[in-house]
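Heads up, the thing below is written out as structure tokens.
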2 protein chains.
Amino acid sequence: MRAEALKGHLDGILLAVLEPGPGHGYAIMEALRVRSGGQVDLPTGTVYPALHRLERAGLVQASWSEAGGRRRRVYELTPAGRRALDTERTTWQDFSAAVSALLHPAPAAVTSP
Amino acid sequence: MRAEALKGHLDGILLAVLEPGPGHGYAIMEALRVRSGGQVDLPTGTVYPALHRLERAGLVQASWSEAGGRRRRVYELTPAGRRALDTERTTWQDFSAAVSALLHPAPAAVTSP
DNA sequence: CGACTATAAGTAGCGACGCTACAGGTAGCG
DNA sequence: CGCTACCTGTAGCGTCGCTACTTATAGTCG
């Protein structure tokens, strides 16, 4: 899938992945690949800047951790992040319903009589 | 609705509106507003450039028409445009299913055991 | 040992896209 | 005459995801 189509919804997806518990960037990319059945496979140049963006926005909170000589930046939802996720979910519902409706039927011609 | 969220799907929507028959820019904006129950209300600075883009891409074909002293640029789908619309519909199905799946459940934590 | 893969994080620069804020013009109504 | 609806358009901006690259450690295979 053209991951480019995620435009504007990536943030919500990342927040959703972090909802059940903290995680680091690499694990998030893995989780997305697995959960989408390989459909969503984001490059690092997409995920890391997005996480930094979320951090700047105060939606996630980050901290360094060490595991087997590998440093990890672990991200966790903030209260604001949870609220933003809720908002994103309802926004997505409305949005996808609207697009589906517009994309599918095609009842009559556009030109007025 | 944040029309910005349409990123990447606007073209498909415009093609869908033009599917049943030709139409001009202003009527297209009207049609979108009406069909979406006011949810989708695009500014002219979004619609006209998008139509020009579709024209450059060969997905629509444009011609001037005159009606009551008002010039109108009427757009019509090309065969390539119809094919692109089909593609967009299946792409949208996959995409929206994937996003819904990722956004909603949240089965387990990200971090591996 | 050396090469390679997996794990892990990051940045610079680019291109695409939608938006804001304009500009310009006609028709009709009070 | 002023206002609203109709109709098209552009310049410049900001955001966002992508490509391509860099840096570093751990494990595996020949």
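Throughout, protein chains are lettered first and strands after them, A, B, ... in sequence-line order, and every chain is numbered starting at 1.
More than 12 heavy atoms of other shown residues, nucleotides or ligands fall within 6.0 angstrom of atom CD in A:Glu55. Other residues, nucleotides and ligands contribute at most 12 non-hydrogen atoms within 6.0 Å of the CD atom of B:Gln61.
For the pair B:Glu30 CD and D:dA5 P, the interatomic distance rounds to 11 Å; values are reported in whole Å. Atoms CZ (B:Arg72) and P (C:dT26) sit 16 Å apart, rounded to a whole Å. Regarding A:Leu42, its CG atom lies at a distance of 10 Å from the P atom of D:dT19, rounded to whole Å. B:His9 has its NE2 atom 10 Å from the P atom of C:dG18, to the nearest Å. Here C:dA9 presents its P atom at 9 Å from CG of A:Leu51, a figure rounded to the nearest Å. We find that CG of B:Leu10 is positioned 10 Å from P of C:dC17, with the value rounded to whole Å. Between the CG atom of A:Asp11 and the C1' atom of D:dT15 there is a distance of 11 Å, given to the nearest Å. Rounded to whole Å, the distance from CE on B:Met29 to C1' on C:dG18 is 14 Å.
Residue B:His52 has no polar side-chain atom (N or O) positioned under 4.0 Å from OP1 or OP2 of D:dT8. Contact between the side-chain N/O atoms of A:Tyr48 and the OP1/OP2 oxygens of C:dG10 is not found at any separation under 4.0 Å.
Considering only the side chain of A:Tyr75, C:dG10 comes nearest among C:dG10, D:dG9, D:dT19.
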For this session: Report the C-alpha separation of B:Leu15 and B:Glu88 in whole Å, then their side-chain angles, then the decisive distance to 0.1 Å, and conclude whether the side-chain contact (heavy atoms from CB on, under 4.5 Å) test is met.
Result: CA-CA 9 Å; B:Leu15 293 175; B:Glu88 246 293 307; 5.5 Å; no

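In plain terms, the two heavy atoms of A:Asp41 and A:Gly38 that are nearest each other are CB-O, 4.5 Å. Taking every heavy atom of both residues into account, B:Leu51 and B:Gly25 meet most closely at CD1-CA, 3.9 Å.
Heavy-atom nearest nucleotides on DNA chain C were determined for B:Pro49 and for A:Tyr26, and the one closer to the 5' end corresponds to A:Tyr26.
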What pairs of nitrogen or oxygen atoms, one from the protein and one from nucleotides 20-25 of chain D, lie under 3.5 Å apart?
| residue | atom | partner | partner atom | Å |
| --- | --- | --- | --- | --- |
| D:dT25 | O2 | A:Arg70 | NH2 | 3.4 |

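Contacts of residues 53-67 of chain A with DNA chain D (heavy atom under 4.0 Å): A:Arg53.
Separation of atoms CZ (B:Arg70) and NE2 (B:His24) is listed at 9.5 Å; rounding is to 0.5 Å. Note that the CZ atom of A:Arg35 and the CD1 atom of A:Ile28 stand 10.0 Å from one another [nearest 0.5 Å]. Rounding to the nearest 0.5 Å gives a distance of 9.5 Å between OH of A:Tyr75 and CG of A:Leu18.
Using bins of under 30°, 30° to 60° and over 60° for the plane-to-plane angle, the ring pair B:Phe95/A:Trp92 lands in the perpendicular bin.
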